[in-house]
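In what follows, a single structure is set out as structure tokens and then discussed.
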Amino acid sequence: TSLADILFRPDSAAARIRAFAPCLGGLDPDFFPTLGVDISEGNHFKVGASVAVYGASLSPLDLGYDVEAGACVAPRDELYQGLLPAEARRAEEAEAYLRDWSWER
């Protein structure tokens, strides 16, 4: 499960996290915290929507993410900007390995 999956496939991501770590208890992508109850003003935490609502307000493709493939679709040089060629290859291999063990697509 990636952060992108939590945004763009919130129910599936929550189910997968619950299956992996049932001791976490309930995970609700539609949860919206209430100031003074779930969070305090001293935290300066500003919430405008639940994870599910926020994710639904975004376009995954505009952000360079293909939901079906579960992968970034930005050009390779942009994805691995700042890495040496050997590091970029290693990062690509690691990403492919992790994707193979992730969602059943």
Side-chain angles (χ1 to χ4, degrees):
T1 297
S2 70
L3 292 175
D5 287 325
I6 292 170
L7 285 175
F8 302 121
R9 299 177 60 165
D11 293 325
S12 297
R16 188 167 169 99
I17 293 167
R18 277 192 298 272
F20 176 75
C23 60
L24 289 177
L27 292 175
D28 181 6
D30 294 305
F31 175 75
F32 187 88
T34 302
L35 186 63
V37 175
D38 303 302
I39 53 176
S40 69
E41 286 189 43
N43 290 345
H44 302 288
F45 187 66
K46 295 167 183 58
V47 179
S50 68
V51 170
V53 169
Y54 179 67
S57 75
L58 303 172
S59 167
L61 286 177
D62 286 349
L63 296 172
Y65 185 72
D66 181 337
V67 175
E68 290 303 312
C72 293
V73 293
R76 184 181 190 280
D77 61 329
E78 185 179 317
L79 284 174
Y80 305 114
Q81 183 177 20
L83 297 179
L84 298 171
E87 293 170 329
R89 277 191 304 278
R90 185 171 181 210
E92 270 183 318
E93 290 167 3
E95 186 180 343
Y97 173 83
L98 292 171
R99 192 175 310 108
D100 286 345
W101 286 96
S102 189
W103 299 105
E104 294 180 23
R105 298 195 197 288

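The chain is numbered in sequence order, starting from 1. Only heavy atoms go into these numbers, but all of them, side chains included; no hydrogens, no water, no symmetry mates.
What you find for I6 and V51 is that their closest heavy atoms are O-CG1, 3.5 Å. Pairing each heavy atom of Y65 with each of S2, the nearest pair is OH-OG, 3.8 Å. Residues L35 and S40 share a closest heavy-atom pair of CD1-C, 3.9 Å. Nearest approach of D30 to A52, heavy atoms of both residues: OD1-CB, 3.2 Å. Taking both residues in full, the closest heavy atoms of P29 and A14 are given as CG-CB, 3.9 Å, listed atom of the first, atom of the second, then distance.
Between the CG atom in D5 and the CD1 atom in I17 there is a gap of 9.5 Å [rounded to 0.5 Å]. For the atom pair CG (D66) and CZ (F8), the distance works out to 11.0 Å, reported to the nearest 0.5 Å.
Y54 and V67 fall within a single hydrophobic cluster, where Ile, Leu, Val, Met, Phe, Trp and Tyr side chains are chained together by heavy-atom contacts under 4.5 Å. Hydrophobic clustering places L83 together with L79 (ILVMFWY residues linked when any side-chain heavy atoms are closer than 4.5 Å, directly or through intermediates). Cluster annotation: F32 and V53 are assigned to distinct hydrophobic clusters (Ile/Leu/Val/Met/Phe/Trp/Tyr, side-chain heavy-atom contacts under 4.5 Å, transitive). By the rule that hydrophobic residues join a cluster once side-chain heavy atoms approach within less than 4.5 Å of another member, F20 and L27 end up as members of separate clusters.
Residue pairs meeting the side chain to side chain donor-acceptor pair (under 3.5 Å) criterion with at least one partner in residues 76-85, sequence neighbours excluded, are R76-E92, Y80-E95.
Annotation for F31: atom CZ counts as buried by contact number, over 12 foreign heavy atoms lying within 6.0 Å.
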